[in-house]
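Being a predicted model, the structure only gives us computed values, none of them experimental. In the text below, chain A, chain B and the rest are named by the order of the sequence lines, each starting its count at 1.
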Number of protein chains: 2
Amino acid sequence: MTVTLADVAARAQVSPATVSRVLNGNYPVAAATRERVLRAVDDLDYVLNGPASSLAAATSDLVGILVNDIADPFFGIMASAVQSEITGPGGRAGGERMAVVCNTGGSPERELTYLTLLQRQRAAAVVVTGGAIEDAPHAAAIGGKLRRLGEAGSQVVLCGRPPADEAPDAVALTFDNRGGGRRLTDHLIGLGHRRIGYIAGPTERTTTRHRLEGHQEALAAAGVPDDPRLTLHGPYDRRSGYDATLELLRRAPELTAVVAANDTVALGACAALRDRGLSIPDDVSVAGFDDLPFSIDAVPALTTVRLPLYEAGARAGRIAMGREEEPPGGIATVHGELMVRGSTGTPRRA
Amino acid sequence: MTVTLADVAARAQVSPATVSRVLNGNYPVAAATRERVLRAVDDLDYVLNGPASSLAAATSDLVGILVNDIADPFFGIMASAVQSEITGPGGRAGGERMAVVCNTGGSPERELTYLTLLQRQRAAAVVVTGGAIEDAPHAAAIGGKLRRLGEAGSQVVLCGRPPADEAPDAVALTFDNRGGGRRLTDHLIGLGHRRIGYIAGPTERTTTRHRLEGHQEALAAAGVPDDPRLTLHGPYDRRSGYDATLELLRRAPELTAVVAANDTVALGACAALRDRGLSIPDDVSVAGFDDLPFSIDAVPALTTVRLPLYEAGARAGRIAMGREEEPPGGIATVHGELMVRGSTGTPRRA
DNA sequence: CCATGAGTAGCAAGCGCTTTCTATTGGGGA
DNA sequence: TCCCCAATAGAAAGCGCTTGCTACTCATGG
């Protein structure tokens with residue numbers, strides 16, 4: 001039914017070994033023979049059996065990319081960058097590897113499932129993007145999995161996630177979420193804001209915690225009291241920003257600024273403010289995080305912290321492919337840049 | 001070095017066959033034996049060898065999702081929907097399949113490469129999203145590949161792409177881009193617009209052509225002359241919308257509306273108009289396509305054609321999994337809905 | 001008391017490929 | 001002229017798993 005290596009060998013009148021060698025391109029094969037084999041491959045429409053090949057060679061060309069939410073450009077951009085380094089610009093350079101992205105939906109179970117699946121496939125490398133869950137058992141489980149993946153020969157790279165204690169072999173490209181959060185709130189305080197609402201991401205995520213800590217650091221440094229009623233948690237989506245903003249307005253009508261966990265949330269915040277008839281930034285300033293492509297098109301354009309998502313992803317991809325040296329200690333911090341735009345200004349009703 | 005089935009068998013004092021049967025859960029195994037095997041698996045940290053398993057069983061649990069641009073939410077949303085149906089809500093329901101998304105960057109070569117890779121892996125199903133390239137040789141090559149994939153037992157589903165003649169077995173969920181384009185321009189004409197710029201996507205893509213044809217249909221139906229100088233082509237990105245809008249304004253300052261190939265392009269168009277000091281929609285109306293999440297947050301909110309991306313992706317996923325009947329003839333058309341919002345209005349300088 | 005069969009477990013033959021080791025060949029140097 | 005080596009092709013042994021078939025064990029019914 002399906003064409004096998006042996007069929008090709010028969011047609012080309014050579015041994016299966018020779019066909020394999022032609023296809024793999026290591027080992028010398030006489031030009032004439034190669035020709036004949038290639039022609040047979042073509043005639044028969046032969047396609048290598050991946051599993052058989054991986055089994056025999058005990059290697060695979062699979063690279064897995066784990067993302068929390070593939071519909072979110074934050075991850076899409078990183079994934080795209082990783083993949084471009086792995087697949088190569090031409091579509092198949094760099095060793096003919098296949099990068100696949102796995103959408104975990106932020107669930108540790110799915111994350112684990114995918115890591116196991118990748119381990120099953122003996123993936124050449126695994127890139128895990130985005131913040132981690134801080135729940136101890138989960139973190140341990142995932143860390144252990146990553147360690148075992150590394151031990152089994154897969155290169156593990158964390159991109160935008162803090163290093164995992166359990167997996168010392170994994171390279172980590174960590175985002176400086178704390179520093180970014182700090183600078184953002186510093187900026188707001190510098191403008192004169194004192195009553196600042198904070199719409200955080202879901203609890204138990206490192207990203208959420210670090211950004212929030214940066215915010216609190218800034219408040220503390222400026223001697224601004226941190227009113228816990230001004231911090232709300234929610235998912236990283238527009239809706240959350242919208243609802244939380246209304247709630248913040250209810251809790252503290254005198255609010256002059258809202259810092260959102262990310263740009264998407266910030267957009268929701270803007271929508272809520274507009275619906276309340278408040279002007280941005282005259283009545284309330286709004287700031288986001290990440291600087292996703294649409295942020296500059298918001299009206300007014302969003303003040304945010306630009307994370308070099310594409311660059312970081314590309315670097316992760318290169319490290320995964322062994323085309324770039326690992327950072328010293330296996331850990332590198334990627335810094336964000338404060339982008340001051342129209343959505344923040346001096347408070348009118350300070 | 002690595003733990004194999006045989007090791008587990010030895011430790012559990014059973015034959016490898018029994019271990020395999022416990023793991024696969026078909027075939028009856030006595031509870032006590034199962035227990036023992038499971039314990040051994042746990043003790044040894046055994047992980048199934050995917051390639052070996054796929055080879056022996058001649059099947060695989062891989063499902064491939066091809067997207068043109070993973071950083072674009074248009075594809076991210078569809079991919080996310082497909083994946084959620086395949087992986088199941090709990091993270092591993094529905095037959096323990098692994099959905100992987102492959103980023104083709106819109107390049108037919110990469111598309112072909114990924115299809116071959118998927119064919120190598122004997123993928124259970126392949127979902128191809130997004131418009132197709134209209135270049136004949138490429139279309140034929142890809143169609144042929146899809147046909148062969150189908151013949152080899154992979155379920156092939158096209159989502160948001162017209163049916164491929166070469167691959168009659170493939171199920172196609174086609175977007176009604178032409179109808180959507182038609183309604184959008186009808187709407188503009190109904191408002192009184194006569195000089196309408198059109199910023200199309202890249203040439204040679206079905207999506208681009210169909211949307212444009214819908215636009216032209218509407219013009220023709222209303223007896224509005226179609227000035228070819230008012231149609232520009234470019235990639236599906238913000239920059240393209242920005243540049244094209246400036247060019248349109250140069251070519252036809254009397255323009256009262258701009259229709260963009262998609263929402264991202266429309267955002268670029270808005271930015272250009274703002275930079276030129278033109279008001280939306282008083283000076284120029286702007287319309288997009290797709291209704292991506294950020295479109296409602298544009299100011300003014302974008303008039304656009306809402307494509308049920310998530311629903312279509314989910315359906316494609318279900319069909320790929322054999323959990324939903326194929327549409328009659330293997331083809332279904334997915335219609336868009338016109339969303340009239342603030343970015344379009346009656347022309348001031350009509 | 002034995003034939004019967006339901007319930008389990010094992011044997012062994014591959015699945016299609018890679019790769020080590022072993023042949024075969026044709027030249028060039030001694 | 002002969003030998004030896006470089007160049008190239010083949011034989012065959014797995015890689016780790018699945019599965020059809022066989023074998024065994026009891027409990028049951030005749």
Side-chain angles (χ1 to χ4, degrees), chain A residues 1-38 40-41 44-62 96 116-117 119-124 152-153, chain B residues 1-38 40-41 44-62 96 116-117 119-124 152-153:
Chain A
M1 167 72 203
T2 57
V3 181
T4 72
L5 231 212
D7 299 330
V8 176
R11 182 165 233 271
Q13 318 227 51
V14 297
S15 73
T18 302
V19 177
S20 170
R21 299 203 258 243
V22 168
L23 261 24
N24 288 300
N26 37 26
Y27 206 85
V29 174
T33 318
R34 155 178 288 107
E35 267 300 294
R36 210 148 22 97
V37 170
L38 256 18
V41 166
L44 264 34
D45 250 346
Y46 171 68
V47 177
L48 188 70
N49 182 314
S53 166
S54 296
L55 172 58
T59 65
S60 137
D61 50 12
L62 235 212
E96 182 71 0
T116 303
L117 254 13
Q119 192 182 355
R120 269 198 197 350
Q121 301 304 321
R122 309 297 192 249
Chain B
M1 166 71 203
T2 57
V3 181
T4 73
L5 233 212
D7 299 330
V8 176
R11 183 163 232 270
Q13 317 227 52
V14 296
S15 73
T18 302
V19 177
S20 170
R21 299 205 257 245
V22 168
L23 261 24
N24 288 299
N26 38 29
Y27 206 86
V29 174
T33 317
R34 153 178 290 107
E35 267 301 293
R36 209 148 22 97
V37 170
L38 256 19
V41 166
L44 264 35
D45 248 346
Y46 170 68
V47 177
L48 187 69
N49 181 315
S53 167
S54 295
L55 171 58
T59 65
S60 136
D61 51 11
L62 234 213
E96 183 71 0
T116 302
L117 253 15
Q119 191 181 356
R120 270 197 197 352
Q121 303 303 323
R122 308 301 191 246

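Residue Ala30(A) is in sugar-phosphate contact alone, with no base atom involved, counting any heavy-atom pair closer than 4.0 Å across all strands shown. No engagement by Val19(B) is indicated, since no non-hydrogen atom pair under 4.0 Å with the nucleic acid exists. Within 4.0 Å (heavy atoms only), Ser54(A) reaches no atom of the nucleic acid at all.
Taking 3.5 Å as the limit, the base of dA7(D) and the side chain of Tyr27(A) contain no donor-acceptor pair of atoms between them.
Asp61(A) has its CG atom 15 Å from the C1' atom of dT18(C), to the nearest Å. Between the CG atom of Asn24(A) and the P atom of dC17(C) there is a distance of 11 Å, given to the nearest Å. One interatomic measurement links the two molecules: CD of Gln13(B) to P of dG10(C), which rounds to 10 Å at whole-angstrom precision. The distance between atom CZ of Arg34(B) and atom P of dG7(C), rounded to the nearest whole Å, is 15 Å. Summarising the geometry, the separation between CZ on Arg21(A) and C1' on dA11(D) is reported as 10 Å, rounded to the nearest angstrom. Rounding to whole angstrom units, CG of residue Leu5(B) and C1' of dA12(C) are separated by 15 Å. For Asn49(B) and dT18(D), the CG to P distance is 9 Å, given to the nearest whole Å. Put simply, CZ on Arg36(B) is 13 Å from C1' on dG10(C), counting in whole angstrom units.
Across dC17(D), dG16(C), dG10(D), the shortest atom-to-atom separation from the side chain of Thr2(A) is found for dG16(C). Picking from dG16(D), dC17(C), dG10(D) the nucleotide with the shortest atom distance to the side chain of Ser15(A) gives dG10(D). The side chain of Ala57(A) sits closest to dT19(C) out of dG10(C), dA9(C), dT19(C). Among the nucleotides dC17(C), dC21(D), dC15(D), the one closest to the side chain of Leu55(A) is dC15(D). Of the candidates dT18(D), dG10(D), dT8(D), the closest approach to any side-chain atom of Pro28(A) belongs to dT8(D). Distances were taken from every side-chain heavy atom of Asn26(B) (C-beta onward) to each of dT19(D), dG16(C), dC21(C); the shortest belongs to dT19(D).
Nearest-nucleotide mapping onto DNA chain C: of Ala56(B) and Ala31(B), the residue sitting toward the 5' end is Ala31(B).
The shortest distance between the side-chain N/O atoms of Thr33(B) and the OP1/OP2 oxygens of dA9(C) is below 4.0 Å. Put simply, Thr18(A) has no side-chain N or O that comes within less than 4.0 Å of OP1 or OP2 on dA9(D).
Of all non-hydrogen atoms in Ala124(A) and Ser60(A), the two that sit nearest each other are CB-O, 3.6 Å.
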Chi angles and distances behind the side chain to side chain contact (heavy atoms under 4.5 Å, CB included) call for Arg122(A), Val47(B): CA-CA 10 Å; Arg122(A) 309 297 192 249; Val47(B) 177; 4.2 Å; yes
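For Ser20(A) (side chain) and Pro16(A) (main-chain N/O), no donor-acceptor pair under 3.5 Å exists by modelled atom type. Looking at Arg34(B), its side chain never comes within 3.5 Å of a backbone N or O of Val22(B) through a donor-acceptor pair.
For the pairing with Val41(A), the side chain to side chain contact (heavy atoms under 4.5 Å, CB included) check across Leu48(A), Val8(A), Leu5(A), Asp7(A) returns one residue only, Val8(A).
The CG atom of Asn49(A) sits 6.0 Å away from the CG atom of Leu55(B) when rounded to the nearest 0.5 Å.
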